[in-house]
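Okay, structure first, notes after.
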Amino acid sequence: PPGCECHLQRHAERLRNRLKQEAGVDALAGNGTCDSEAATAVVRGSLTMEDDKASSTAEAAAAIRAVESMKPEGERLCYDPYAQYFLSSRYRIIKSRRLAESLIWLARGRRYPGITTEIVLRTRYIDEYVRECVGDGIRQLVILGAGYDSRAHRIDGLKGKVKVFEVDHPATQKVKVERLKEIPGS
């Protein structure tokens, strides 16, 4: 059943094989495509948050998803059409994919090598797993550290059928709710 260890292992192995074929890398095996220490530092929250400010890490992750979403359908590894709406003016200047990739590398890639690849592949993996769980009939989904995650709005089968709970810093959630109001059809 969904959530059991064997189910997760089978899903991870299927995705690993698909990503090997599509991206040409064994991204989930950690063969140099992602600096695991840097990713772990980000996940553990080594970047501090101020009480009244939304997460800059959530915004950077949204920027990376927005850039990946600019790629043609056959080239992109994940697709988040809502990511662009969560970007502040410093990221909204991004109009071309090449410029965007360069800016993100300068802002995050030098400090955390591999973080762009890690975010794109993590998004793809979680999206596919959630879709599989929706197909298996889950009734609720809890997203911890939700940031500017938009799965509740972009994954078919979640809206209206699955109760989604998002947990994050209040300042980040406040900005997210405000920005969601700007998205047509959300």
Side-chain angles (χ1 to χ4, degrees), residues 2 8 10-36 38-40 42-43 55-87 91-92 94-105 107-109 112-136 138 141-159 162 164 166 168 172 176 179-180 183 185-186:
L8 293 172
R10 281 194 312 270
H11 183 75
E13 188 59 34
R14 281 195 310 268
L15 182 59
R16 179 179 290 129
N17 290 333
R18 284 180 58 195
L19 291 174
K20 274 184 188 178
Q21 291 173 339
E22 293 178 26
V25 296
D26 190 358
L28 298 178
N31 69 347
T33 59
C34 177
D35 180 330
S36 60
T40 301
V42 171
V43 170
S55 169
S56 62
T57 303
E59 185 177 22
I64 291 168
R65 291 192 314 273
V67 170
E68 186 69 16
S69 297
M70 288 180 192
K71 294 179 180 179
E73 189 172 342
E75 289 180 32
R76 63 182 174 235
L77 293 174
C78 70
Y79 183 61
D80 183 351
Y82 299 105
Q84 64 181 321
Y85 292 97
F86 299 109
L87 306 181
Y91 283 105
R92 286 188 184 190
I94 297 171
K95 297 293 182 196
S96 80
R97 189 177 90 218
R98 185 169 306 226
L99 173 62
E101 289 170 341
S102 298
L103 289 173
I104 288 173
W105 182 82
R108 295 287 179 180
Y112 303 109
I115 196 70
T116 301
T117 303
E118 187 272 336
I119 289 171
V120 167
L121 295 178
R122 179 182 67 195
T123 301
R124 168 78 176 262
Y125 175 80
I126 295 170
D127 285 357
E128 288 193 6
Y129 184 69
V130 168
R131 284 185 186 100
E132 187 174 315
C133 290
V134 167
D136 289 342
I138 64 165
L141 172 67
V142 178
I143 303 172
L144 300 176
Y148 296 138
D149 184 286
S150 65
R151 286 181 182 90
H153 302 277
R154 64 183 171 80
I155 293 184
D156 291 336
L158 281 179
K159 204 169 193 175
V162 176
V164 179
E166 295 186 338
D168 207 320
T172 303
K176 183 176 186 174
R179 300 254 174 94
L180 281 170
I183 301 173
S186 68

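Residues take their numbers from the sequence shown, with the count starting at 1.
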**Report entry** Mutual orientation of the aromatic rings belonging to Y82 and Y85 [parallel < 30°, tilted 30-60°, perpendicular > 60°]
**Finding:** tilted
Report summary line: Across all chains, not counting sequence neighbours, the side chain to side chain donor-acceptor pair (under 3.5 Å) partners of S150 are D80, R154
Query raised in the report: Donor-acceptor pair, T172 side chain versus S55 backbone, under 3.5 Å?
Result: yes
If you take all heavy atoms of [X] and [Y], which pair is closest and at what distance?
| X | Y | value |
| --- | --- | --- |
| A146 | D168 | N-OD2, 3.3 Å |
| E166 | A152 | OE2-CB, 4.5 Å |
| V164 | I143 | CG1-CD1, 4.1 Å |
| L77 | E68 | N-OE2, 2.8 Å |
| A83 | R65 | CB-CB, 4.0 Å |
| A58 | G147 | CB-CA, 3.7 Å |

Query - The single option from D127, L121, I126 passing side chain to side chain contact (heavy atoms under 4.5 Å, CB included) against T123 - result: D127
Query raised in the report: How about R179 and I183: do any of their side-chain heavy atoms sit closer than 4.5 Å?
Result: no
Report task. First locate atom CE of M70, then atom CD of E75, and finally report the distance between them rounded to the nearest 0.5 Å. Result -> 13.5 Å
